[in-house]
2 protein chains.
Amino acid sequence: MPSSSRLTAEERRAAILEAALRLFSERGYRGTTTRALAEAVGVTEPVLYEHFRSKRDLYAAIVQAKCREGFQQGAAMLEPYARARDDWGLFTRLGEFILELYRNDPAYTRLLLFAVLEEPELGVLFYEHQHEGRQLLAGYIRRRIEEGAFRPVDPEVAARAFLGMFFHLGQVGVLYNDPLAQGRSKPVREIVEAMVRIFLDGLRNEQAQVPKQSCKEDRK
Amino acid sequence: MPSSSRLTAEERRAAILEAALRLFSERGYRGTTTRALAEAVGVTEPVLYEHFRSKRDLYAAIVQAKCREGFQQGAAMLEPYARARDDWGLFTRLGEFILELYRNDPAYTRLLLFAVLEEPELGVLFYEHQHEGRQLLAGYIRRRIEEGAFRPVDPEVAARAFLGMFFHLGQVGVLYNDPLAQGRSKPVREIVEAMVRIFLDGLRNEQAQVPKQSCKEDRK
DNA sequence: GCGGTTTCCTAGCGATCGCTAGGTTAGCAT
DNA sequence: ATGCTAACCTAGCGATCGCTAGGAAACCGC
């Protein structure tokens, strides 16, 4: 054998997690065998069990790690827009962020969808993070209503409406290789702006309509 | 044995399909064993194989049948609203229809999501039906734009925005037992109206804003 | 060079999977 | 009643599953 690189425990553990993420997101928990996992890592099965107590343990570790992804960095990124009351900037940035998340990491969607369907007690964890992010957005919308910028709608319903548009679009792009959702038929930026314009014009009080052209320049 | 009811071939076939739909939608294709299937039907495994050539055949029959559900009856139902140019009626009815579909038949969502994830070649069939329905809605929006009622947006993007709001809401309700999406925290009607109002106000030209109150009475 | 530790493999266990050969029984026409 | 067909079951095959006992081989300080 030429270069059967022997790794440290922690390097091997990382390699296992990486390969497992790929396989679990492609074929789900039940569709991924420990033999296939070992082969993908480049070792034999017993090696897996020196780093994880069971297949289930390995799966839970991956799902829980992925659950935490996305939401907090999204919240941090939007904070300056929220402080500046830049509705257009906040919602376009958020929309783009969601679509990019799906596009750059298709495994994310598939893994968590599989988890919700196959192992609900693991999937609920993901729901809680989702709920937290949604409450954050609803809080911003509520503030803007109190300030008179938005019409008096239920903030949580409005937040769901917005997130639904983009979550669904991203999901369709990952699951069906949909050309529009993947930005292959027109720029993602255009889609995001069109949707945000509909959403914001529907939400805003009459005095301040969103301009018809791209608003990239006149945000501040 | 008291009443081991012996059924005709076609009754038995229907019983198998019914039980299989339930199990496949709960646990997916790989998570459902032929033994569990036989037990749920109340027979032994060989009986299944007298009606379906393989487990895979049975699964494909169920998925294909479910794929066809929903879209054409939805299209027929909306036709009168489209002819009368009743935007408010059309979109509220469509929104309610989608949410009811998810709520009354949770197996629908789970089965097709499982199919898309586990067996993409079966799931694509569902995507095509979805695409067809979306094109129908985009066609209506395009007509309304040409008539000057809606602002000049990309009709397909607008259709996706609308469908995304409700598909995502319905999906969350089924997958996570979300209270709002299931209508347990406030009436479904209110949620639908709030979302449609945002969507239509964002889409319409300025002359005709949707009234602030419920528009059930002044549709025509 | 050499013992000791760590990393990895060979080989295979018991359980369960999809599926089937071949026999049994119920229900019908006659 | 009786024979025949269609509906159903018993028993088990070969393959594969998650997982593990016990040994081989690479790497370390010395």
Side-chain angles (χ1 to χ4, degrees), chain A residues 1-63 111 114-115 118-119 121-122, chain B residues 1-63 114-115 117-119 121-122:
Chain A
M1 298 299 158
S3 67
S4 77
S5 56
R6 205 157 210 181
L7 304 183
T8 68
E10 115 189 81
E11 284 170 331
R12 184 59 76 196
R13 187 186 160 93
I16 292 174
L17 282 172
E18 186 188 5
L21 169 62
R22 212 188 67 235
L23 288 191
F24 280 135
S25 72
E26 281 173 5
R27 314 179 204 174
Y29 178 68
R30 292 194 175 101
T32 301
T33 69
T34 53
R35 284 196 230 286
L37 261 170
E39 195 186 2
V41 179
V43 294
T44 56
E45 290 181 83
V47 176
L48 306 181
Y49 289 90
E50 282 164 15
H51 299 278
F52 299 92
R53 296 209 347 272
S54 66
K55 179 190 176 187
R56 179 59 183 267
D57 253 39
L58 171 56
Y59 188 60
I62 290 176
V63 170
L111 181 85
F114 260 126
E118 290 186 312
E119 311 282 338
E121 64 273 25
L122 281 178
Chain B
M1 300 293 159
S3 65
S4 77
S5 57
R6 207 157 207 179
L7 304 183
T8 68
E10 115 188 80
E11 285 170 332
R12 183 59 75 198
R13 188 187 159 94
I16 293 173
L17 282 171
E18 187 189 4
L21 169 62
R22 212 190 68 235
L23 288 191
F24 280 135
S25 71
E26 281 173 4
R27 315 180 204 174
Y29 177 68
R30 292 193 176 103
T32 301
T33 70
T34 53
R35 286 197 228 285
L37 260 170
E39 195 186 2
V41 179
V43 294
T44 55
E45 290 180 82
V47 176
L48 305 180
Y49 290 91
E50 282 164 16
H51 298 277
F52 299 92
R53 295 209 347 272
S54 67
K55 178 190 175 186
R56 178 59 183 267
D57 253 40
L58 170 57
Y59 188 60
I62 289 176
V63 170
F114 260 126
L117 288 170
E118 290 186 311
E119 311 282 338
E121 64 274 23
L122 281 179

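Heavy atoms only: backbone and side chains are in, while hydrogens, waters and symmetry mates are out. Each chain gets a letter, A, B and so on, in the order its sequence line appears, and its residues count up from 1.
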task = Could you tell me whether B:R12 contacts a base, only the sugar-phosphate backbone, or nothing, with contacts defined as non-hydrogen atoms closer than 4.0 Å?
result = sugar-phosphate
request  = Could you pick out which residue, A:E45 or A:H51, lies toward the 5' side of DNA chain C when each is mapped onto its nearest nucleotide?
outcome  = A:H51
request  = Go through the N and O atoms of the side chain of A:E50 and the base of C:dC8, and report whether any donor-acceptor pair is under 3.5 Å.
outcome  = yes
ask   = To the nearest angstrom, how far is A:E10 atom CD from C:dT6 atom P?
value = 15 Å
message = Evaluate A:E50 against A:R12 for salt bridge (charged side-chain N to carboxylate O under 4.0 Å, His left out), listing each step before the verdict.
response = CA-CA 10 Å; A:E50 282 164 15; A:R12 184 59 76 196; over 6 Å; no
request  = Round to the nearest Å and state the distance from A:L7 atom CG to D:dA25 atom P.
outcome  = 19 Å
ask   = What do the steps show when you test A:F114 against B:E118 for side chain to side chain contact (heavy atoms under 4.5 Å, CB included), and what is the final call?
value = CA-CA 9 Å; A:F114 260 126; B:E118 290 186 311; 3.9 Å; yes
task = Answer with base, sugar-phosphate or nothing: what part of the nucleic acid does B:T44 contact at a heavy-atom distance below 4.0 Å?
result = base
request  = Measure the distance from CZ on A:R53 to P on D:dT20 and round it to the nearest whole Å.
outcome  = 10 Å
message = I need the A:I62 CD1 to A:L17 CG distance, nearest 0.5 Å.
response = 5.5 Å
message = Looking at D:dC19, I'd like to know if its phosphate oxygens (OP1 or OP2) sit under 4.0 Å from a side-chain N or O belonging to A:T34.
response = no
message = Measure CD/B:E39 against P/C:dC17 and give the value in whole Å, please.
response = 11 Å
inquiry  = Would you say A:Y49 places a side-chain N or O within less than 4.0 Å of OP1 or OP2 belonging to D:dT20?
reply    = no
task = Inspect the surroundings of CD in B:E121 and state if more than 12 heavy atoms from other residues, nucleotides or ligands are less than 6.0 Å away.
result = yes
inquiry  = Rounding to an integer number of Å, can you tell me how far B:D57 CG sits from C:dT20 P?
reply    = 11 Å
query = Could you give the CG-to-C1' distance, from B:L37 to D:dC8, as a whole number of Å?
reply = 17 Å
task = Give a yes or no on whether a donor-acceptor pair under 3.5 Å exists between the nucleobase atoms of C:dT25, that is its base, and the side chain of B:R6.
result = yes
ask   = Over how many whole Å does the gap from A:F52 atom CZ to D:dG18 atom P extend?
value = 16 Å
Point-to-point distance, once rounded to the nearest 0.5 Å, from CZ of A:R35 to CD of A:E39 = 11.0 Å
request  = Describe the nucleic acid contact of A:L48 in one word from base, sugar-phosphate, nothing, applying a heavy-atom distance below 4.0 Å.
outcome  = nothing
Steps toward side chain to side chain contact (heavy atoms under 4.5 Å, CB included) verdict (B:V63, B:F24) = CA-CA 9 Å; B:V63 170; B:F24 280 135; over 6 Å; no
query = Is the side chain of A:T32 donor-acceptor paired with the backbone N or O of A:Y29 at a distance under 3.5 Å, no angle test?
reply = no
query = Of all of residues 24-31 of chain B, which get a heavy atom below 4.0 angstrom from DNA chain D, listed by number?
reply = none
ask   = Given atom CZ of A:R35 and atom P of C:dG12, what is their separation to the nearest angstrom?
value = 13 Å
